[in-house]
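In listed order, ligands and their atoms are each counted from 1.
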Amino acid sequence: MAQREDEDRGFDQAARDFDRLGRHLWQPIGRETVRRTEPRTGERVLDACCGTGASAIPAAERVGRDGAVDAVDVSEPLLERLRGNGAHLPSLRAHRADITTWEAGDYDLVQCVLGVFFLPDMAAGARHLIARARRGGRVCFTIWRRGAMVDAGRRLQGALERVTGIAAGERSGHLVDRVDEPDAFADWLRELGLEQVRVTEAPLTLPVSEEIAWLVVTGSGFVAALNGLDDAQIDRVRVEYLRSFREDGVEALDATTLIGVGTRA
Ligand SMILES: C[S@@+](CC[C@H](N)C(=O)[O-])C[C@H]1O[C@@H](n2cnc3c(N)ncnc32)[C@H](O)[C@@H]1O
């Protein structure tokens, strides 16, 4: 529970830089997802774990004023930005809620971009989201492909260890680490009861400028790792983290996703 609260606060803290990073990361992934979920005029869409609207906004543009997009997130600071970003879209409705307690249903399309692995029980959370779609409706989950974003996380951990002297605990096997390749992801979606499952890879590479590399920390859930550090320590972490990219000559970060779409039986 403590870890969950940290993660939720992490996204609140990330709000300031979320959209700055989003131009390079969240928005291209959201657009790619919506290209595959194909919201149509007049459809009802649930965008779960919506953040500032990287996929909810393109969906709302597509469904038009006769459709509706319920965009749900636990982070009020992110939702405030979504309301600003989508102010021109009458179909977009922002709701602050834990998606695992969202009971409305009969959606034509349920999409959850880079959110399902944050749910406390990922399989139960995914089932709950699938049940929000009408029978025959489309359901989409977007997750990181194996290896994506891992390098930045390792370098951040290394920098934290060098600055604080405290080694990070090993992440114990999360379900998402077993389904983060195309075939395994497709099998998992079928096990959850989806039909006509299609998984595609959406390649994305982030150039490692100092600005973007640090935004990857401050504009994402990684920012929670800085909790408890003072400003001077955070600055040292930043310097160490950026130095590690430079020393190893790393010029790009893999941000490839898997986009899985199926229909509810
Ligand atoms: C990596 S962000 C992705 C945001 C957005 N889908 C995008 O692609 O830009 C994950 C989001 O999941 C949200 N989240 C995590 N757990 C949640 C829950 N139980 N209910 C609703 N939102 C949740 C976080 O607040 C955060 O906005």
Side-chain angles (χ1 to χ4, degrees), residues 1 3-37 45-60 69-86 92-104 109-129 132 139-145 148-150 152-153 174 176 180 202 204 206 215-225 255-260:
M1 187 64 197
Q3 190 194 346
R4 259 212 73 61
E5 280 170 3
D6 247 20
E7 281 166 1
D8 294 347
R9 268 205 310 277
F11 281 105
D12 288 356
Q13 289 162 6
R16 195 174 51 101
D17 285 338
F18 200 87
D19 279 343
R20 287 179 64 209
L21 175 61
R23 283 198 290 281
H24 309 282
L25 186 66
W26 314 123
Q27 287 176 21
I29 294 169
R31 279 196 301 269
E32 274 304 309
T33 298
V34 168
R35 222 161 59 79
R36 288 162 172 85
T37 58
V45 178
L46 173 62
D47 191 289
C49 306
C50 60
T52 60
S55 52
I57 287 175
V69 176
D70 284 326
V72 179
D73 203 284
V74 279
S75 169
E76 184 55 33
L78 293 185
L79 287 168
E80 264 170 41
R81 283 175 166 75
L82 175 139
R83 289 188 194 99
N85 295 342
L92 184 65
R93 305 185 293 218
H95 310 269
R96 177 163 191 235
D98 177 343
I99 197 65
T100 61
T101 65
W102 188 258
E103 293 301 333
L109 166 65
V110 174
Q111 54 185 25
C112 181
V113 181
L114 303 174
V116 69
F117 41 78
F118 287 114
L119 305 181
D121 177 337
M122 177 169 142
R127 279 199 189 87
H128 177 76
L129 289 178
R132 311 275 67 75
V139 180
C140 171
F141 297 100
T142 298
I143 62 171
W144 300 115
R145 192 196 58 185
M149 303 307 280
V150 166
H174 191 288
V176 77
D180 57 359
L204 181 66
L206 292 188
L215 276 177
V216 164
V217 176
T218 60
S220 81
F222 281 147
V223 75
T256 298
T257 50
L258 298 180
I259 303 175

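Classification of the Phe11-Phe18 ring pair by plane angle, with boundaries at 30° and 60°, yields perpendicular. The aromatic rings of Trp102 and His95 sit tilted, their planes meeting at an angle between 30° and 60°.
Heavy-atom proximity to Ala97, at under 4.0 Å, picks out these atoms of ligand 1: 20 (N), 21 (C). Within ligand 1, the atoms closer than 4.0 Å to a non-hydrogen atom of Asp98 are 18 (C), 19 (N), 20 (N), numbered from 1 in the order shown. Which parts of ligand 1 touch Ala54 is read off a 4.0 Å heavy-atom cut-off, strictly below it: atoms 9 (O). Near Leu78, meaning under 4.0 Å from one of its heavy atoms, ligand 1 places the atoms 27 (O). Near Trp26, meaning under 4.0 Å from any of its heavy atoms, are these atoms of ligand 1: 1 (C), 9 (O). Of all atoms in ligand 1, listed by their number and element, those nearer than 4.0 Å to a heavy atom of Leu114 are 1 (C), 2 (S), 3 (C), 10 (C). Shown in contact with Val74 at under 4.0 Å from a heavy atom are these atoms of ligand 1, numbered in order with element: 14 (N), 17 (C), 18 (C), 20 (N), 21 (C), 22 (N), 23 (C), 25 (O).
To the nearest 0.5 angstrom, Asp19 atom CG is 11.5 Å from Leu25 atom CG. Atom CG in Asp121 sits 8.0 Å away from atom CZ in Arg127 (nearest 0.5 Å). To the nearest 0.5 angstrom, Ile259 atom CD1 is 4.5 Å from Thr142 atom OG1.
Side chain of Arg31 to backbone of Pro58: no donor-acceptor contact under 3.5 angstrom is found.
By the criterion of a heavy-atom distance under 4.0 Å, neither the backbone nor the side chain of Ser55 is placed next to ligand 1. Counting heavy atoms closer than 4.0 Å to ligand 1, residue Asp73 contributes atoms from both its backbone and its side chain.
Here the closest non-hydrogen pair linking Met149 and Phe222 is O-CZ, 3.9 Å.
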Check against side-chain hydrogen bond (donor to acceptor under 3.5 Å, both in side chains), Ser75 and Asp73:
CA-CA 6 Å; Ser75 169; Asp73 203 284; 4.7 Å; no
Should Ser55 and Thr33 be marked as a side-chain hydrogen bond (donor to acceptor under 3.5 Å, both in side chains) after you check the CA-CA gap, both sets of side-chain angles, and the distance that decides it?
CA-CA 7 Å; Ser55 52; Thr33 298; over 6 Å; no
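Residue contacts with ligand 1: Cys50 is included, with a non-hydrogen atom under 4.0 Å away. Contact analysis leaves Ile29 out of contact with ligand 1, as no non-hydrogen atom separation drops below 4.0 angstrom. Distances shorter than 4.0 angstrom do not occur between any heavy atom of Pro120 and any atom of ligand 1. Within the 4.0 Å heavy-atom cutoff, Leu119 counts among the residues contacting ligand 1.
Among the atoms of Ile99, some N or O lies under 3.5 angstrom from an N or O of ligand 1. Among the atoms of Val113, some N or O lies under 3.5 angstrom from an N or O of ligand 1. When only interatomic distances are considered, the shortest N/O to N/O separation between Cys49 and ligand 1 falls below 3.5 Å.
A salt bridge links Arg83 to Glu76: one of the charged nitrogens lies within less than 4.0 Å of a carboxylate oxygen.
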